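Worksheet: one structure, shown below.
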There are 2 protein chains.
Amino acid sequence: MTSQTADGGRAPSMQDVARLAGVSLGTVSHALNKPEKVSARSLQKVLAAVEQLGFVPNSAARSLAAGSSSTVGLVLTDIDNSLFVDIARGAEDEARTSGHALLLANSDIDFKRQESYLDIFDEARVAGILFTPLNASLEGVDRVRRHGRRIVLVNYAGGRQDCCAVLSDEEYGGYMAARHLLELGRRRLLFAGGPEEFHAIKERRNGALRAVMEAGNATLEIIPSRRLKSDEGRKIAAEVTGRAADRVPDGILSPSDRIAAGVIHELMARGLRVPEDVAVIGYDNNHFATEVAISMSTVAQDGHSMGAEAINLLLDEIRNPDHEHRVLTLKPRLILRESTLGPSGRPVPEEDGRLPLEA
Amino acid sequence: MTSQTADGGRAPSMQDVARLAGVSLGTVSHALNKPEKVSARSLQKVLAAVEQLGFVPNSAARSLAAGSSSTVGLVLTDIDNSLFVDIARGAEDEARTSGHALLLANSDIDFKRQESYLDIFDEARVAGILFTPLNASLEGVDRVRRHGRRIVLVNYAGGRQDCCAVLSDEEYGGYMAARHLLELGRRRLLFAGGPEEFHAIKERRNGALRAVMEAGNATLEIIPSRRLKSDEGRKIAAEVTGRAADRVPDGILSPSDRIAAGVIHELMARGLRVPEDVAVIGYDNNHFATEVAISMSTVAQDGHSMGAEAINLLLDEIRNPDHEHRVLTLKPRLILRESTLGPSGRPVPEEDGRLPLEA
DNA sequence: CTTGCTAATTGAAGCGCTTCATCTGGATTC
DNA sequence: GAATCCAGATGAAGCGCTTCAATTAGCAAG
């Protein structure tokens with residue numbers, strides 16, 4: 001309770017604590033880090049002194065002396081995308097249970113920032129780094145690994161097998177989405193939007209294609225777009241509704257919820273019924289997916305698990321001397337809502353029998 | 001280019017660089033930190049050695065020796081709310097221009113996490129902390145300040161004048177929103193949703209009340225809700241549309257875009273026209289505010305400026321010996337879209353003559 | 001009362017850097 | 001050519017902690 005204002009400016013050090021408690025420096029350190037190695041009496045005295053001085057350990061000194069710190073750094077691509085928010089939460093929860101703090105850095109889809117934050121964590125000698133890289137390049141990964149830093153890739157790995165990674169099965173997600181539309185009886189499918197140079201989007205498209213091929217009697221049209229925003233969806237919806245009736249798609253899947261939201265709203269504005277006339281399904285289960293005019297079916301990647309698993313891989317790499325790198329690929333889940341099922345809109349069991357999670 | 005794998009495991013230190021470059025330790029340090037104090041020849045040699053060894057400075061050692069680090073910590077309340085995302089971006093941009101890195105920590109609306117991250121930044125002896133506190137308590141602020149840590153409050157300050165803060169004028173935001181509805185000729189206003197114990201929400205309500213009082217011939221009904229999610233909005237909309245025609249509000253303002261989105265969608269689902277029958281305005285200009293069925297009018301707090309200004313206050317506190325604490329209160333902006341203006345929906349100049357920004 | 005052992009405690013070495021007082025050597029001046 | 005300077009370079013002292021070898025205290029057994 002009692003703690004004194006910084007007299008003399010300097011924050012109290014362990015030395016000060018030791019003096020006040022009448023024990024040696026080493027004992028204070030032990031008392032704070034491995035209390036079981038210290039007599040109850042000393043422990044008592046040390047804690048009292050800590051309290052009285054308002055002592056806060058200096059983590060710079062600690063990690064300098066110990067050779068490494070206990071915080072984990074997470075370099076995020078885009079804090080505005082709820083997938084990454086979920087990843088951060090999952091990582092944070094898991095890190096916390098093992099006594100590690102998680103610090104975030106947001107690269108904001110900027111390659112140079114991404115690299116610079118990698119370096120900052122590297123310089124800070126963090127216990128490890130979780131990294132959701134941009135497509136572009138993984139050179140930063142090699143750089144920090146050369147310095148002995150441990151790093152786990154999340155959400156994208158560019159095919160690397162030489163470090164741990166947690167991925168989402170994008171191809172399968174696209175497959176499930178298309179297959180769901182096909183099972184609803186839709187045959188003229190449209191894959192709406194997305195820049196093809198993104199690995200994830202290409203995969204989702206491939207998955208959709210596979211489902212359509214399997215079905216045999218269906219078609220998949222593909223209209224790419226440059227960005228992933230909702231106006232692209234509106235534009236695409238406007239275009240296809242202008243067509244002859246037999247060329248209007250009856251099922252639309254989009255690699256992003258934003259685009260899907262644009263599609264849905266534009267279709268409705270033009271008098272088409274969703275899902276009766278056109279069923280629409282998005283991707284990502286963004287946190288706003290239920291705030292749309294009609295709640296949106298989508299493919300959910302379990303960001304929380306991705307973050308948590310990534311931490312586990314990292315901890316194994318840290319603690320286990322004969323650690324072997326592993327790449328975990330998590331299956332996404334279908335989440336069915338009104339935009340494909342209609343107002344009855346309650347979730348139905350998905351393929352493998354589990355109930356999809358409600359957001 | 002050439003850099004060698006960690007032989008011997010140990011990362012190369014400045015000592016190693018000095019040896020290889022054939023200069024002293026001190027010279028290496030100078031070359032790296034204040035190159036102008038060093039001859040061109042030494043600089044050359046040092047940089048070459050750094051390159052060859054793949055040397056990365058140890059920031060723990062640096063901040064231990066220097067007494068403080070150059071990173072700034074930002075403790076965020078809720079990474080899922082785009083206001084905080086904007087604050088983070090603004091802070092990050094501004095910090096970067098002055099050579100400070102910004103590390104984020106997400107308390108996820110959890111008081112204990114919030115306090116623990118405050119401590120982590122405190123222990124790391126960061127240059128300063130930006131803090132968006134929960135209502136609950138500001139005791140962590142006092143704790144870290146006692147240790148000499150500098151801290152700037154963002155978005156909420158609980159009336160404190162003894163530290164720097166950047167706030168948003170919530171009362172004025174509520175006032176503007178209500179006043180806008182009144183200027184559209186609406187007279188039966190409804191303030192929809194929000195837990196009243198939140199300071200910001202109470203303020204917004206007070207502002208709305210003030211506008212209605214000023215108008216004289218209008219009424220403001222208030223229906224609180226426990227949470228800020230869209231289903232609360234749907235519930236409220238469902239309730240009021242069930243009423244006798246002359247008791248249905250013709251203008252609804254909500255302290256959150258989520259609630260407003262629920263209101264809009266439910267009204268439309270029940271056959272009411274927005275904005276012809278009921279004009280609706282939200283609050284926060286969340287990033288999904290344009291992904292709604294009809295784009296949503298809202299009150300925008302300029303998170304980016306809040307973050308940037310907070311960094312500036314912090315830097316002044318760090319650098320300026322006769323710094324004085326200041327509380328900055330930023331005015332929010334009205335952003336007018338279809339949900340109050342109708343399909344013409346283009347932005348009109350706001351009160352002070354500036355054009356509202358499009359999201 | 002010894003002896004032997006373990007549990008606690010101690011103090012010093014060192015982690016990798018910054019900084020400051022000190023020293024060096026070449027250019028400048030008279 | 002001696003005296004004066006000053007940019008540059010140097011090396012040691014510490015920053016606050018962890019850790020380890022060495023020491024001491026505490027206690028049961030003989």
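Bear in mind the structure is a predicted one, so any value in this text is a computation, not a measurement. Lettering follows sequence order; numbering is per chain, from 1.
Using a 4.0 Å heavy-atom cutoff across all strands shown, A:Ser42 reaches sugar-phosphate atoms only and no base atom. Within 4.0 Å (heavy atoms only), A:Gly67 reaches no atom of the nucleic acid at all. Using a 4.0 Å heavy-atom distance criterion, A:Ser13 is classed as a sugar-phosphate-only contact. Among the heavy atoms of the strands lying under 4.0 Å from B:Ser39 are primed sugar atoms or P, OP1, OP2 only; no base atom is included.
Residue pairs meeting the salt bridge (charged side-chain N to carboxylate O under 4.0 Å, His left out) criterion with at least one member in residues 101-119 of chain A, sequence neighbours excluded, are A:Asp108-B:Arg89, A:Arg113-B:Glu92, A:Arg113-B:Asp93, A:Glu115-A:Arg143, A:Asp119-A:Arg143. Here salt bridge (charged side-chain N to carboxylate O under 4.0 Å, His left out) pairs that include residues 120-135 of chain A, with residues two or more places apart or in two chains, are A:Asp122-A:Arg149.
Checking B:Asp86 against B:His304 by side-chain atom types alone, no donor-acceptor pair falls below 3.5 Å.
Of the listed residues (A:Val327, A:Ile318, A:Val166), just one forms a side-chain contact (heavy atoms from CB on, under 4.5 Å) with A:Leu313, and that residue is A:Val166.
With B:Thr329 contributing its side chain and B:Leu167 its backbone, the two residues share no donor-acceptor pair below 3.5 Å. With hydrogens and angles ignored, the 3.5 Å screen pairs a side-chain donor or acceptor of B:Tyr117 with a backbone N or O of A:Leu102.
Over its length, the helix from C:dC1-D:dG30 to C:dC30-D:dG1 turns its helix axis by 40°, as judged from the five terminal pairs at each end, rounded to 10°.
Of the inter-residue distances, the one linking B:Leu314 atom CG with B:Ile129 atom CD1 reads 9.0 Å to the nearest 0.5 angstrom.
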Where do N or O atoms of nucleotides 23-25 of chain D meet protein N or O atoms at under 3.5 Å, pair by pair?
none

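Checking the phosphate oxygens (OP1, OP2) of D:dT10, a side-chain nitrogen or oxygen of B:Ser24 falls inside 4.0 Å.
Along DNA chain C, the stretch of nucleotides lying under 4.0 Å from any heavy atom of chain B spans, 5' to 3', C:dG16 to C:dC20.
Taken residue by residue, residues 28-38 of chain B places heavy atoms nearer than 4.0 Å to DNA chain C at B:Ser29, B:His30, B:Asn33.
Side chains of A:Leu104 and B:Ile79 form a contact here, defined as non-hydrogen atoms less than 4.5 Å apart.
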